[in-house]
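The structure appears right after this line, and notes come after that.
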Amino acid sequence: MPFKDYFKNLVKFPKTFRDSLIRHDKPTTDRARSQTVMNNIFLHIHSTRIHRYTLKKTFSFGLGVISAASFFILVVTGVLLMIYYKPSVTLAYDSIKDIHFIVPGGRFIRNVHRWATNIMILSVFLHMARVFYTAAYKETRSFNWLIGMGLFVLTLGLSFTGYLLPWDQLAYWAITICSNIAASPRELTDLFGMTPFFDPGGMMKLLILGSEEIGQDALTRFFWLHCIVLPLAAGVLLSAHIWRVRKDGGLARPDNIKAKDFKGIPEDAKADRVFENAPQKTYGLMCLVRGKSPVVARGPENTIPSWPSLFVAEASLFMLTFAIICVLAYFFNAPLKELANPAVPENPAKAPWYFLGLQELVSYSAFMGGVGIPTITLLGLALIPYLDLEKQTLGRWFDNRIGRNVARNSFFYAAGVTLGLLAFTVKFGWLRNWYPDISQGVIILVNPGTVLVTFFVFWSFLCMLKYDSTRLSAIALFTCFIVSFIILTYFATVHRGPSWGFYWLKSQWPIH
Amino acid sequence: MNRFFKSVILVSSLVVIMMLLLEAWRENLNMDWQRYQRKYKAELFHRAQTKQDRSNAGDYEIKLRQIVLPKLGRTDRCVTCHAAIEDSRMRHMENPLKAHPGDYLDTHDINTVGCTNCHDGQGRAITAEAAHGRGADQFWEQPLLKGPFLESNCVRCHANPLQQTPHYNYGKVLFQQRGCFACHSIGDIGGVKGPALSDIGRASFHTKMPIPQNRERLLNKFDGNVNLAYLDEAVTEPDAQPQETLMKKMDLTEEEETAILVYLKSLSTERRAMDIGVSTAQTAVSTAATPMAFSAKSLSQVSGGSAKGYIVFSRTCVACHTVGSGDRVGPDLKGVTSRRDKEWLKSFIQFPSKKIAEKDPVVMPLLEKYKTPMVDMGLTAEDVEEVIKYLAKPEDVTLASTAEKTGMAGGSAEKTKRETAQADIRKGIALFQGKQRFLHHGSSCIACHNVKNKAVFKGGRLAKELTTAYSRLGEVGISALLKNPPFPLMREAYLEKPLTRDEISALAAFLEQMDKEQRNQQSNHDASKILLLGMAGIIALFGSYFVWGLNRKRRPVNRNIYDRQSRSKKG
């Protein structure tokens with residue numbers, strides 16, 4: 001009777017709806033847990049079972065998840081900010097003020113957006129270091145390292161383009177610095193007197209700003225990049241990045257894992273057991289996944305279902321990130337200075353903190369610091385997995401005792417060289433101070449930046465000779481670059497004042 | 001392990017929820033303005049006597065209030081806290097619920113004038129700290145003004161002197177009496193030894209700030225207004241920064257000090273005509289701040305030799321001629337009295353067109369050399385006499401205000417390197433293209449003139465192209481020419497509608513910029529760049545095809561199978 005059925009169905013609606021939404025049992029059995037992961041488009045970015053080593057806290061520190069979490073937070077808050085932000089030279093600044101003062105939750109959302117940026121940059125940087133030091137870029141993962149490099153560049157690009165949007169002094173002059181860096185190949189072309197015919201620096205600057213000076217064109221361009229192009233690209237690359245990790249069999253891990261590495265990580269009692277009655281029909285994936293073939297008729301060793309352990313861990317990292325950002329956002333406002341004024345230069349005009357290491361190098365030579373050394377560094381980083389093909393154990397920090405020693409020695413070496421050179425430069429100046437008429441070509445070739453690079457390359461070759469290992473020499477070089485980058489960033493952030501002079505404290509800055 | 005992660009989730013979630021609630025509470029329940037408005041509402045109830053009053057009080061909503069003035073680009077939310085500003089019953093209340101003192105609101109409608117126009121402060125903010133913008137810890141656009149310093153904002157709208165602004169008026173007089181103009185300039189008037197003061201009232205405190213020793217004292221003195229603190233330091237302790245200044249310590253009474261500060265605070269290049277119907281007589285432009293006595297160098301300041309001749313020369317001739325600084329549009333006039341017959345000079349200067357029509361043997365080669373024919377300047381015979389006297393002995397003329405020969409007196413072009421501020425250039429672009437009207441409604445330049453620049457529309461061809469006008473005429477030439485156009489058509493067009501001083505300086509800045517850019521642009525051929533890029537692209541593309549082609553398998557992968565098949569078929 002249709003009428004009766006109608007009411008019966010109505011009563012049953014909650015259950016039928018739930019069944020249509022979740023097409024498996026409660027995730028208490030292994031089968032249901034696998035289905036939970038497999039049948040959900042969002043969860044199935046992970047495999048149904050993961051290796052227990054993946055959950056070792058001191059192995060990954062959850063840095064990748066923190067980066068992805070901050071990206072997610074940034075997308076959501078960014079979309080919200082877009083409702084009130086007006087990308088116009090005359091309106092942008094006031095719209096930010098309105099967001100800060102009267103838009104409901106505006107101040108908080110803007111602050112979250114700002115702090116999530118900083119956390120994302122920091123975690124992306126550390127994540128890269130983690131992947132390098134645990135050799136997780138080797139074997140099948142080399143291309144994923146490249147995708148990661150792309151994401152690193154996109155992260156910097158996103159924060160850089162976002163920096164201009166408030167259209168205040170801070171933004172305007174930071175972008176001025178950056179666009180001048182883009183134009184710095186002129187230093188080289190000027191040297192050969194070919195700037196009038198071939199001007200890659202000018203073209204690059206024009207490409208970035210869309211005009212000779214920073215104005216509405218630049219703002220429109222940056223808005224477009226910041227809100228459409230770069231986030232889309234980052235989203236696509238991020239999916240590919242995570243998908244490839246899954247295809248490569250999860251996080252990198254060593255072949256022989258000691259019991260103490262598994263301390264505290266849940267265990268699947270059935271994983272080691274021999275299956276008593278094999279299922280009627282099986283599908284092997286051996287041909288699709290590289291690596292050694294699993295033992296037949298036995299559960300895979302040391303694996304556990306992803307649900308719930310992995311997802312709980314990731315959710316906790318996400319919430320932790322969000323909580324930290326919320327606390328920071330409540331107490332510390334995102335900066336907003338006066339309206340951009342091309343007639344009054346900021347002094348010192350500093351780029352955002354994560355570019356200050358570069359700006360310090362730029363202060364020696366715009367071309368070398370702004371284009372030469374970053375290009376060399378990025379190229380070097382990208383080539384690592386293709387140049388270092390040594391077979392070795394993956395997934396251990398610094399590989400082994402020798403690796404640790406090399407990293408430690410390189411740390412001290414790089415810190416010493418960088419600090420020494422900085423002290424020397426501050427105290428005695430550089431070539432231009434001694435020989436005012438010296439050709440810019442010499443400065444481009446010989447400046448503190450290139451001297452540092454030379455020192456590091458030399459050290460890395462020394463390590464290669466001593467240990468006869470490309471991996472160890474790569475560790476040496478990578479450590480040197482990271483240490484000096486951090487020191488330079490710190491130095492430029494804290495100790496550089498007006499006219500890029502040296503000051504111990506900000507309170508010592510002269511007023512004009 | 002899972003327990004650990006779950007507890008992290010729990011704690012973090014609690015923290016997030018707490019922070020969200022805190023922010024929601026801060027923003028929706030804990031704002032000061034809500035307290036003030038509730039207090040106001042209670043006060044309304046307290047005073048209500050009739051039923052109608054009580055119902056009105058009950059209707060008073062606790063909400064954000066604002067005055068939006070799109071024409072002035074202002075949004076003033078001050079009335080959110082100062083809720084009773086128009087309620088004359090609240091005169092005895094404490095701030096912020098006090099009614100506006102005096103009868104200013106009767107003449108200044110709050111809905112057309114707003115608050116920050118007179119008081120400064122940050123109109124968009126809704127917390128006292130941010131709205132009043134005091135102190136130097138954080139950046140504030142315009143810190144709140146108090147007491148006599150409010151007078152400095154009256155000139156934003158009122159061009160004519162006001163009786164109600166005694167401090168300002170006195171300051172303006174003092175500025176002239178004390179000879180500040182000898183070293184400092186406002187607009188294009190005044191000396192060049194000291195810094196220009198055109199925009200000192202709006203200086204960003206990133207650049208203008210009292211030295212640390214004075215900072216706290218002065219900030220306290222001026223209620224946290226950094227701009228005033230700096231101005232005070234600059235006036236009372238001129239040697240504080242920079243230490244090797246030429247400026248003498250002025251002997252000022254307290255009253256005089258306040259007056260001069262009020263005047264200095266009023267100086268700003270953005271002082272614009274605020275067309276809100278406040279001032280019908282005259283709209284204020286930067287000339288309003290400049291004393292009229294100085295705008296035209298009057299007889300009383302120039303002495304010796306032919307003072308009158310100098311004045312006539314500097315008003316009329318200087319657009320095209322110099323004395324001893326080389327040719328400009330017309331020839332350098334140094335020693336012209338010895339070269340030419342006096343009678344000839346007299347008749348030529350008064351009616352040059354006549355001489356040209358007569359094809360005078362002296363004029364024709366000059367005309368050929370300089371191309372631009374001199375036009376009748378409308379000088380009287382007496383004027384001409386004086387000018388000739390002046391030209392005979394230019395060095396005899398002295399300027400009283402500076403007691404020395406400044407540029408024009410000696411006939412040499414004034415080498416005042418005016419700071420061509422970006423704002424000026426932009427204003428010039430707008431004026432040139434007619435995007436912004438001239439104050440006296442003169443037609444915009446683009447109707448007749450053209451400038452070759454990407455940023456500017458193509459203009460008319462009726463008159464000369466002005467791309468290189470700056471290098472042809474120079475700063476002084478352009479200003480003088482625009483002040484007093486010698487060309488008949490242009491003279492006619494702007495006779496009734498003269499350009500104002502700041503319009504002229506904006507246009508000059510604009511033309512200077514155009515000239516500069518034109519010189520930079522000559523080598524900038526985008527088209528050839530594109531061709532080059534395209535060629536490079538083609539080479540790269542074919543190159544990569546070639547490289548990939550090298551790696552191509554020469555044989556199809558199923559060739560073997562095919563061969564085997566065909567062999568077995570044969571067999």
Side-chain angles (χ1 to χ4, degrees), chain A residues 55 57 90 94 97-98 100-102 104-108 111 168-169 195-199 202-203 206 211-213 263-266 308-309 312-327 329-331 333 335-339 341-347 507 510-512, chain B residues 1-2 4-16 18-20 22-24 26-28 64 66 73 75 77 122 124-127 130-131 138-141 199 203-212 215 241-242 419 421-424 454-455 517 520 522-524 528-529 532-533:
Chain A
L55 287 176
K57 275 174 283 197
T90 45
D94 284 344
K97 281 239 151 106
D98 281 350
H100 184 87
F101 286 125
I102 55 161
R107 180 194 84 106
F108 192 69
N111 291 354
D168 63 346
Q169 279 287 73
T195 311
F197 320 108
F198 177 66
D199 182 16
M203 283 199 297
L206 201 62
S211 144
E212 293 290 337
E213 57 181 82
K263 218 178 129 200
I265 301 170
S309 305
V312 168
E314 290 187 343
S316 76
L317 278 170
F318 178 86
M319 282 319 290
L320 186 67
T321 314
F322 192 34
I324 291 171
I325 291 173
C326 279
V327 172
Y330 184 82
F331 289 106
N333 281 339
L336 184 68
K337 282 198 170 180
E338 60 266 57
L339 183 64
N341 183 357
V344 181
E346 289 273 280
N347 192 7
S507 54
I511 328 144
H512 292 313
Chain B
M1 185 79 170
N2 280 351
F4 168 77
F5 281 128
K6 278 177 185 167
S7 51
V8 170
I9 296 183
L10 185 69
V11 173
S12 314
S13 306
L14 285 178
V15 170
V16 168
M18 198 178 76
M19 284 299 147
L20 291 176
L22 253 179
E23 176 69 13
R26 187 196 72 85
E27 197 178 278
N28 295 305
L64 274 175
Q66 61 183 7
T75 304
R77 307 201 168 109
Q122 195 173 197
R124 287 179 181 269
I126 52 168
T127 57
Q138 203 180 332
F139 169 74
W140 308 110
E141 280 167 294
D199 204 21
S204 157
F205 74 67
H206 292 292
T207 49
K208 304 283 185 198
M209 162 86 103
I211 58 172
R215 202 170 293 167
Q241 51 175 317
E419 278 185 355
Q422 209 74 15
D424 245 12
K454 275 183 283 183
E517 280 180 19
N520 298 340
Q522 275 169 346
S523 59
N524 198 357
S528 64
K529 248 188 235 167
L532 259 175
L533 269 179

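Each chain gets a letter, A, B and so on, in the order its sequence line appears, and its residues count up from 1. Note that the structure is predicted; figures quoted are calculated from it, not measured.
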Going from OH on Tyr330(A) to CZ on Arg26(B), what distance comes out if it is rounded to the nearest 0.5 angstrom? 6.5 Å
Which residues satisfy the side chain to side chain donor-acceptor pair (under 3.5 Å) test with Asp94(A), sequence neighbours excluded? Arg124(B)
Between chain B and each of Thr321(A), Leu320(A), Thr90(A), Ile324(A), count heavy-atom pairs under 4.5 Å; write down the option with the most. Leu320(A)
Check whether Pro104(A) gets within reach of chain B through its side chain, its backbone, both or neither, counting any heavy atom under 4.5 Å. both
Heavy-atom proximity to chain B below 4.5 Å, by part of Glu314(A): neither
Going by the rule side chain to side chain donor-acceptor pair (under 3.5 Å), which residues pair with Ser13(B) if we only count those two or more places apart in sequence or in a different chain? none
Nearest 0.5 Å, please: how far is CG in Leu317(A) from OG in Ser12(B)? 9.0 Å
With a 4.5 angstrom heavy-atom cut-off, could you sort out which part of Leu64(B) is near chain A: side chain, backbone, both or neither? side chain
If you compare all heavy atoms of Ala323(A) against all heavy atoms of Val16(B), which two are closest, and at what distance to 0.1 Å? CA-CG2, 3.5 Å
Mind checking the CD1-OG spacing from Ile9(B) to Ser316(A)? Nearest 0.5 Å is all I need. 5.5 Å
If you measure from CE on Met203(A) to CG on Leu533(B), what distance do you get to the nearest 0.5 Å? 5.0 Å
Contact part of Ala130(B) toward chain A, heavy-atom cut-off under 4.5 Å: side chain, backbone, both or neither? side chain
So, for Phe197(A) and Leu532(B), which heavy atoms are closest and what is the spacing to 0.1 Å? O-CD1, 4.4 Å
Check for a donor-acceptor pair, side chain of Glu27(B) on one end and backbone N or O of Gly105(A) on the other, with a separation under 3.5 Å. yes
Relative to chain A, which of Met18(B), Glu23(B), Met19(B) shows the most heavy atom pairs under 4.5 Å? Glu23(B)
Walk me through it: do Phe108(A) and Leu20(B) pass the test side chain to side chain contact (heavy atoms under 4.5 Å, CB included)? CA-CA 9 Å; Phe108(A) 192 69; Leu20(B) 291 176; 3.3 Å; yes
Identify the two heavy atoms, one from Val327(A) and one from Val15(B), that lie closest to each other, and give their separation to 0.1 Å. CG2-CG1, 3.6 Å
